[in-house]
Amino acid sequence: ITKVTSSFCFVCFALPWQCFRALCCKGPPPPRPEYDLVCIGLSGSGKTSLLSQLCSESPENIVSTTGFSIKAVPFQNAILNVKELGGADNIRKYWSRYYQGSQGVIFVLDSASSEDDLETARNELHSALQHPQLCTLPFLILANHQDKPAARSVQEV
């Protein structure tokens with residue numbers, strides 16, 4: 001039993017609320033590490049839907065990203081700061097301007113897309129894999145839209 005007065009705790013010499021927090025909660029929770037990721041892929045591949053799902057946001061009213069957006073995706077042991085880059089033709093040429101500081105890459109492709117779009121996605125992926133700021137980073141390649149009838153298997157992609 002400790003004696004707590006209105007000015008401080010005689011055991012740990014802290015203010016009463018600090019002493020209570022130390023006893024009850026064992027101090028503030030440790031900070032979660034944060035990781036900066038870049039999310040790329042062609043338009044319509046599902047980047048925005050993926051991030052909305054991870055952030056527990058409503059899937060309604062999702063519109064294609066013009067430019068870029070940043071979302072903090074909280075997990076129990078870490079926070080992922082994901083920079084999603086728009087996948088339109090006129091935006092892809094600027095992707096490399098947003099690579100600096102990235103610690104990982106999420107590449108999303110539409111596994112049910114046309115052969116031409118799949119080839120374009122393949123070329124963009126190879127370009128990203130060879131980029132000096134990304135070539136040493138971990139990549140997650142997500143073959144999205146697996147629920148569609150035209151979806152290709154991992155081997156086909």
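Numbers here are sequence positions counted from 1.
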Scanning both residues in full, the closest heavy-atom pair of T65 with T48 reads OG1-OG1, 2.9 Å
Any link between L129 and L142 through a network of hydrophobic side chains (Ile, Leu, Val, Met, Phe, Trp, Tyr) touching at under 4.5 Å? no
Apply the test side chain to side chain contact (heavy atoms under 4.5 Å, CB included) to residues R92 and I40: give CA-CA distance (whole Å), side-chain angles for both, the deciding distance (0.1 Å), then the verdict. CA-CA 9 Å; R92 289 196 305 262; I40 55 178; over 6 Å; no
Quick check: does any side chain N or O of W95 sit under 3.5 Å from a backbone N or O of G86, one acting as donor and the other as acceptor? yes
Using modelled atom types only, decide if a donor and an acceptor are shared between the side chain of R32 and the backbone of I79 within a distance under 3.5 Å. no
Say you draw a straight line from SG of C55 to CG of L80; how long is it, rounded to the nearest 0.5 Å? 9.5 Å
Separation of D117 CG from R122 CZ (nearest 0.5 Å): 11.5 Å
Hey, is CD on E156 packed in by over 12 heavy atoms from elsewhere, all under 6.0 Å? yes
Does some side-chain heavy atom of D36 sit less than 4.5 Å from a side-chain heavy atom of K83? no
Scanning both residues in full, the closest heavy-atom pair of P74 with A72 reads CD-O, 3.3 Å
Would you call K71 and E84 a salt bridge, using N to O less than 4.0 angstrom? no
Can you find a pair of side-chain heavy atoms, one from L37 and one from V105, that are under 4.5 Å apart? no
Counting only N and O atoms by type, is there a donor-acceptor contact under 3.5 Å from the side chain of K47 to the main-chain atoms of G41? yes
I'd like to know if the side chain of R152 reaches the main chain of S113, judged simply by a donor and an acceptor atom lying under 3.5 Å from each other, with no hydrogens or angles considered. yes
Treating T120 as the side-chain partner and D116 as the backbone partner, does any N or O pair qualify as donor plus acceptor under 3.5 Å? yes
Residue pair L137, S102: steps toward the side chain to side chain contact (heavy atoms under 4.5 Å, CB included) verdict: CA-CA 8 Å; L137 300 181; S102 295; 4.0 Å; yes
Looking only at non-hydrogen atoms, find the nearest pair between A88 and S43 and report the distance. N-OG, 3.2 Å
Do L54 and L140 sit in the same hydrophobic cluster, where Ile, Leu, Val, Met, Phe, Trp and Tyr count as joined when their side-chain heavy atoms come under 4.5 Å apart? yes
Rounded to the nearest 0.5 Å, what's the gap from CG on L125 to CG on L42? Could you check? 10.0 Å
Shared ILVMFWY cluster between I141 and V38, side chains joined below 4.5 angstrom? yes
Could you list all the side-chain hydrogen bond (donor to acceptor under 3.5 Å, both in side chains) pairs where at least one residue sits in residues 131-150, not counting sequence neighbours? D110-H145, S111-Q146
Taking the side chain as C-beta and beyond, is there a heavy-atom pair between L134 and F139 under 4.5 Å? yes
Verify, without hydrogens or angle tests, whether S45 (side chain) and L109 (backbone) share a donor-acceptor contact under 3.5 angstrom. no
With the 4.5 Å side-chain cut-off for hydrophobic clustering, are F68 and Y94 part of the same group? no
In short, F107 meets A121 closest at the heavy-atom pair CZ-O, 3.4 Å
For Q53, does the CD atom sit with more than 12 other heavy atoms under 6.0 Å from it, leaving out its own atoms? no
What about F75 and Y35, same hydrophobic cluster or not, with Ile/Leu/Val/Met/Phe/Trp/Tyr joined at side-chain heavy-atom distances under 4.5 Å? yes
Take atom CG of N61 as the centre, draw a 6.0 Å sphere, and report whether it contains more than 12 heavy atoms from other residues, nucleotides or ligands. no
